[in-house]
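FYI, side chains are in, hydrogens and waters are out, and symmetry mates aren't considered; it's all heavy atoms of this structure. One-based numbering, in listed order, for ligands and for the atoms of each.
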Amino acid sequence: MKWDKIVLKLGGIIMILFLVVLLPLGFVVNQIFSGFYFNEIQEETEVLSQRYARTIKSIENPMTHSMFESLADLTNKEVIILNKEKKEVTNSGVSGFAISEGEFNELLSGNPITKQIEEIPNKHKFYVSGHPISTSGDFIGAVFVLTSVDGIYDSISKVRNFLILSGFGALFLALGFTFMISRKMSAPLLKMEKATRQLTRGNLDVRLEVSSRDEIGSLSQAINDLAQELNRYRTNRREFFADISHELRTPISYLQGYAQVLREGYYQNNDEKQQYLKIIQDESNRLTQLINDVFELSKMEEARIDLNFDYVNISEIAEQALSKVQREAQIKGLNTSLRVTNHLPLIKADSVRMEQIFINLLSNAIRYSNEGLIKVEIVFNHKYLKVDIADNGIGIPKEELPYIFERFHRVEKSRSRDFGGTGLGLAIVKQLVELQNGSITVDSQIGNGTRFTLSFPIEEENYEKI
Ligand code: ADP
């Protein structure tokens with residue numbers, strides 16, 4: 001299981017950290033503690049032995065022996081006095097005390113000695129300080145003060161045991177916490193893994209509970225957003241295929257129907273035959289248009305079209321577009337006008353795509369108008385370039401306005417067919433406008449006409465005045 005791995009990793013790291021911190025810390029505490037007590041004992045023992053050595057005038061005097069034995073009792077230390085033949089003359093009760101030849105020679109030469117001994121057989125440990133005793137410059141023996149260090153060793157081992165115990169206690173506590181925390185952390189991770197696997201299998205309705213505001217919470221939120229986005233994409237794609245197959249079916253059924261009529265000779269005269277041939281031609285044109293539009297739109301929706309941005313004069317583009325739709329307008333008896341209210345800057349845009357926007361909107365205006373004027377007005381207000389394309393046509397019902405930029409959305413199903421549209425024109429326009437950082441809005445009244453307004457924000461550094 002995954003959390004086992006996390007527990008192991010975290011547990012291992014915590015263990016190593018503890019060892020790295022606790023071992024040197026224990027060592028240092030131990031050294032400081034034992035060093036402090038040893039120093040105290042050493043100093044005390046050496047001072048005493050030095051003082052005793054100075055006090056003693058004769059080492060053969062039994063009074064001296066009994067006095068030092070009493071002193072040993074009083075000070076809780078042992079005292080041993082050796083004569084110049086290295087023989088014990090006083091011993092307050094330490095068995096097996098001996099000094100080496102070298103140490104005796106040191107004393108003979110007037111130097112003190114220190115050492116640690118262990119009493120045999122009861123294993124008591126002592127710190128020993130020996131000083132030479134001399135009268136009128138002659139070495140007459142040496143006095144040794146012995147302080148038991150058993151207590152220190154006891155305390156040191158108690159402190160050491162305490163350190164080891166508390167170290168282990170803290171380690172187990174930390175491991176316990178690690179275990180709990182990593183389980184708590186890995187539980188949502190496991191849920192996320194499960195959820196993403198479900199997403200991979202196509203279950204896009206899966207959602208995670210976002211129960212915290214930390215990185216885990218935001219990761220869960222990101223997975224939810226991803227699922228939602230995938231879901232939206234899938235629904236969109238399904239609708240797209242449903243729409244497109246529906247749209248293709250209608251012209252194809254016309255083509256099949258009229259081709260069959262013609263093949264089987266079900267027509268009265270040549271005029272009727274020409275009429276059917278015209279329908280076949282129109283429908284195949286519409287099919288070509290539809291396929292081109294679908295292809296364009298899908299490229300735009302996936303941001304796969306490359307725009308060639310350059311400084312363009314938008315009124316020239318409007319003029320060009322107007323001249324291209326002029327014939328269509330004339331056929332329907334419509335007038336067109338272009339009004340540019342003030343000096344326009346050159347703006348950064350793709351001239352071909354901008355013309356396409358104009359042509360689509362103008363074609364719609366012509367298609368859905370039977371009389372009146374089609375007006376194009378361009379205004380520059382230093383922050384925005386605004387383009388209005390207005391007609392006095394049949395208008396769009398208010399409740400339809402929010403949907404007309406959706407692909408294949410038609411105000412009345414038969415309406416645009418009668419007028420020869422594909423239902424993709426405005427969807428393409430919206431995509432093209434947005435790809436050029438603009439926005440498009442619509443205002444319309446049934447029977448009075450429709451006005452599309454394009455707006456392109458212009459940063460000062462992005463335009464050049466004409
Ligand atoms: P179509 O190719 O069918 O015209 P569009 O996407 O260009 O598709 O337009 C969507 C719908 O919006 C059209 O079917 C039409 O009903 C309506 N529409 C668009 N432009 C106008 C207009 N200028 N006047 C009236 N209705 C319009």
* Structure fact -> Separation between CG (Leu307) and NZ (Lys348), nearest 0.5 Å, reads 12.0 Å
* To do: Just go through Leu361, Val442, Asn360, Asn364 and tell me whose heavy atom is the nearest to atom 7 (O) of ligand 1.
  => Asn364
* Any nitrogen or oxygen of Gly423, main chain or side chain, under 3.5 Å from a nitrogen or oxygen of ligand 1? -> yes
* To do: Identify, by atom number and element, the atoms of ligand 1 in contact range of Arg367, meaning under 4.0 Å from any of its heavy atoms.
  => 1 (P), 2 (O), 4 (O)
* To do: Counting heavy atoms only, name the option from Ile396, Val429, Ile404, Asp391 that's nearest to atom 18 (N) of ligand 1.
  => Ile396
* **Residue pair Thr45 / Ser129, side-chain donor-acceptor N/O under 3.5 Å** => no
* Asked: Is a salt bridge present between Glu193 and Arg197, judged by a nitrogen-to-oxygen distance below 4.0 Å?
  -> yes
* Asked: Does the side chain of Asn448 come under 3.5 Å of the side chain of Asn392 through a donor N or O and an acceptor N or O?
  -> no
* Taking only heavy atoms of Leu426 into account, list the atoms of ligand 1 that are under 4.0 Å away from them. => 5 (P), 6 (O), 7 (O), 9 (O), 10 (C), 12 (O), 19 (C)
* Ligand-residue contact atoms, ligand 1 with His409, heavy atoms, under 4.0 Å -> 10 (C), 11 (C)
* Which atoms from ligand 1 have a heavy atom of Ala365 less than 4.0 Å away? -> 23 (N)
* Would you confirm whether the ring centroid of Tyr153 sits within less than 6.0 angstrom of the ring centroid of Phe38? => yes
* Asked: Regarding Gln221 and Asp225, is there a side-chain donor-to-acceptor distance under 3.5 Å anywhere?
  -> yes
